[in-house]
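To start, the structure under review is shown below, and the notes come after it.
Throughout, a chain's letter reflects where its sequence line sits, starting with A, and its residues are numbered from 1. Predicted model only: the values in this text are computed from it and were never measured.
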Protein chains: 2
Amino acid sequence: MHERERWQLILNRLRERGIVRVNDLAGLTGASLATLRRDLARLEDQGQLRRVHGGAETAEVSGQGDLTAASFGASQTTNAEAKLAVARKAASLCSDGDSIILNAGSTTWFMAQCLRQHRMQVLTNSFPIAQELIANSGNRVVLPGGELYREPGIILSPFEEDAIQHFAAGKMFMSCYAITPMGVIESDPLIARAEAKLLSRAEKLIVIADSSKFEARGNMVVCPLARVSTVVTDAGAPADMVDHLRGLGVEVLIAEAERETKLSAA
Amino acid sequence: MHERERWQLILNRLRERGIVRVNDLAGLTGASLATLRRDLARLEDQGQLRRVHGGAETAEVSGQGDLTAASFGASQTTNAEAKLAVARKAASLCSDGDSIILNAGSTTWFMAQCLRQHRMQVLTNSFPIAQELIANSGNRVVLPGGELYREPGIILSPFEEDAIQHFAAGKMFMSCYAITPMGVIESDPLIARAEAKLLSRAEKLIVIADSSKFEARGNMVVCPLARVSTVVTDAGAPADMVDHLRGLGVEVLIAEAERETKLSAA
DNA sequence: CTGCAAACGATCATCGTCAATCAAAATTGC
DNA sequence: GCAATTTTGATTGACGATGATCGTTTGCAG
């Protein structure tokens with residue numbers, strides 16, 4: 001088990017339970033207590049959690065397992081700045097009166113933050129995004145039916161019948177787990193299926209993915225690259241993939257980051 | 001059980017009951033009296049509660065600015081105490097493993113507050129109730145598809161197709177605009193239709209209505225009284241309506257007000 | 001007003017957790 | 001293959017949390 005895997009595990013656990021104890025993590029990861037304390041310290045530096053005696057808790061509003069911001073506000077597993085830049089660029093592609101679809105994802109959540117001045121119809125299967133749009137924007141919100149899953153705040157349903165079969169969108173903005181020559185990739189089959197269902201209601205598909213998404217892995221293909229109209233990413237995207245996409249006729253937009261601050265070294 | 005878990009438990013209990021006693025908490029948490037007193041002291045420092053001899057009581061409404069509490073927590077237009085008593089009584093009719101339906105309404109929202117310890121499947125068309133259940137309870141939540149309306153946080157859809165057509169519930173708890181000899185009444189046709197759709201997925205119908213609901217008016221009949229299995233109300237319900245309901249074979253439960261009857265202004 | 005029982009705050013011993021340090025192992029670069 | 005760097009694991013003294021016990025205060029009833 002490597003560093004990143006442990007971090008992912010810790011953050012997942014944290015989202016599920018709201019609080020983690022070092023001892024539990026030791027049994028869960030097999031790592032030593034010292035290592036886990038170091039992990040927690042680094043994650044705290046990144047603002048992804050808050051340490052408490054005996055473990056750590058979610059960084060946001062204490063106590064209340066507030067789904068909204070707790071899931072994303074500070075828990076951007078990867079570079080939040082790039083995602084925000086991508087989200088802004090994607091938001092600029094929207095016009096009042098549009099009908100759009102946003103799937104559940106951290107990048108789409110950032111994008112929802114950028115839509116406060118818009119007046120659109122938005123279909124989303126993300127509970128936090130729905131709350132953000134309803135509470136802080138003038139957009140109309142449509143939700144699919146299904147079970148609301150606690151950890152990521154996603155609405156999923158195994159059935160075909162749904163009110164969203166009457167929804168027709170011009171654009172779907174999709175945040176994904178990875179994007180490879182095989183297509184747009186998710187890690188979970190249920191999520192992949194939900195996104196495919198949403199996609200069937202949209203004319204154009206705009207994938208929003210910061211450059212880290214080009215290296216990540218996954219196993220479930222949501223759709224082939226031929227279905228993609230546009231990709232919005234940042235300057236760190238590998239040139240060969242950009243060329244490959246453009247060769248397929250996919251429009252590739254590069255979002256300009258406001259300030260480049262690499263935080264790897266500390 | 002560690003510090004934060006105890007705090008969570010204490011605050012949850014406090015929100016449910018309005019007052020907690022140290023002895024009760026000792027039996028509940030297994031912690032010693034000294035520890036619990038320390039906990040209460042720290043929580044009081046944070047303004048989360050107010051200490052009284054023997055325990056602690058709620059400090060005030062901790063406004064989260066969210067849709068959740070903002071819609072109901074402090075804006076109970078009518079008698080909140082009666083609604084809370086009714087909600088508690090209704091919650092006592094639920095058992096772990098049940099599948100229930102909650103429509104959107106202030107009384108059902110109070111009821112959701114009382115379900116934090118339950119483990120059920122809950123279908124609701126209320127966004128605030130869904131958020132409450134997901135954030136603060138272990139219940140599974142299922143949502144119908146449709147448009148999310150901002151003001152009351154209700155999900156409505158004019159279409160028949162919906163994933164909830166696969167939901168089967170033993171009981172539906174319905175909060176309504178009024179209850180008259182004509183049946184269960186709503187004021188808005190769209191809401192009435194949504195509730196009728198939910199009702200079609202439930203075996204028994206339990207109407208939860210504080211006594212003020214027997215005088216109010218409305219125009220849309222959701223269902224006739226014959227469809228009602230049980231009515232949960234408070235001691236202020238008019239005797240003739242109670243008799244009428246019982247004559248129809250409807251079970252009528254009267255919720256007892258907690259302790260103090262602060263009928264300052266009737 | 002007085003007595004009693006419950007609850008409170010303070011203190012202290014015990015235990016678990018924390019941060020710092022150093023050694024071992026894995027990874028990287030040459 | 002060897003050395004430098006990074007990551008991990010163990011040890012130690014310090015710190016915080018817990019629970020028991022004390023004497024004191026509060027609330028209640030007679």
Q. How close or far is atom P of D/dT26 from atom CZ of B/Arg21, stated in whole angstroms?
A.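 Going from CZ in B/Arg21 over to P in D/dT26 covers 21 Å.
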Q. Just how far, in rounded Å, is C1' of C/dA7 from CG of B/Asp24?
A.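 Going from B/Asp24 (CG) to C/dA7 (C1'), I get 14 Å.
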(Q) Tell me whether B/Asp39 is salt-bridged to B/Arg42, with the criterion being a basic N under 4.0 Å from an acidic carboxylate O. (A)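 Not counted as a salt bridge, because no side-chain N and carboxylate O are separated by less than 4.0 Å.
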Q. With a 4.5 Å heavy-atom cut-off, do B/Ile10 and B/Leu49 have their side chains touching?
A.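 Yes. Closest side-chain heavy atoms under 4.5 Å.
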Q: Indicate whether OP1 or OP2 belonging to C/dA7 is found under 4.0 Å from a side-chain N or O atom of B/Asn23.
A: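 Indeed, a polar side-chain atom of B/Asn23 lies that close.
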Q: Tell me whether the centres of the aromatic rings in A/Phe127 and B/Phe127 are closer together than 6.0 Å.
A: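 When the ring centroids of A/Phe127 and B/Phe127 are compared, they turn out to be within the sub-6.0 Å range.
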Q: Please answer whether the main-chain N or O of A/Ile19 pairs with a side-chain N or O of A/Arg13 as donor and acceptor at a distance below 3.5 Å.
A: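 Looks like no, no N/O pair under 3.5 Å.
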Q: Determine, for nucleotides 13-20 of chain D in 5'-to-3' order, which nucleotides have protein heavy atoms under 4.0 Å from the base (write B), from only the sugar-phosphate (write S), or from neither (write -).
A: ---SSBBB
(Q) Applying the side-chain contact (heavy atoms from CB on, under 4.5 Å) criterion to B/Leu40, which one of B/Thr35, B/Val52, B/Val22 satisfies it? (A)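 Considering B/Thr35, B/Val52, B/Val22, a side-chain contact (heavy atoms from CB on, under 4.5 Å) with B/Leu40 is found only for B/Val22.
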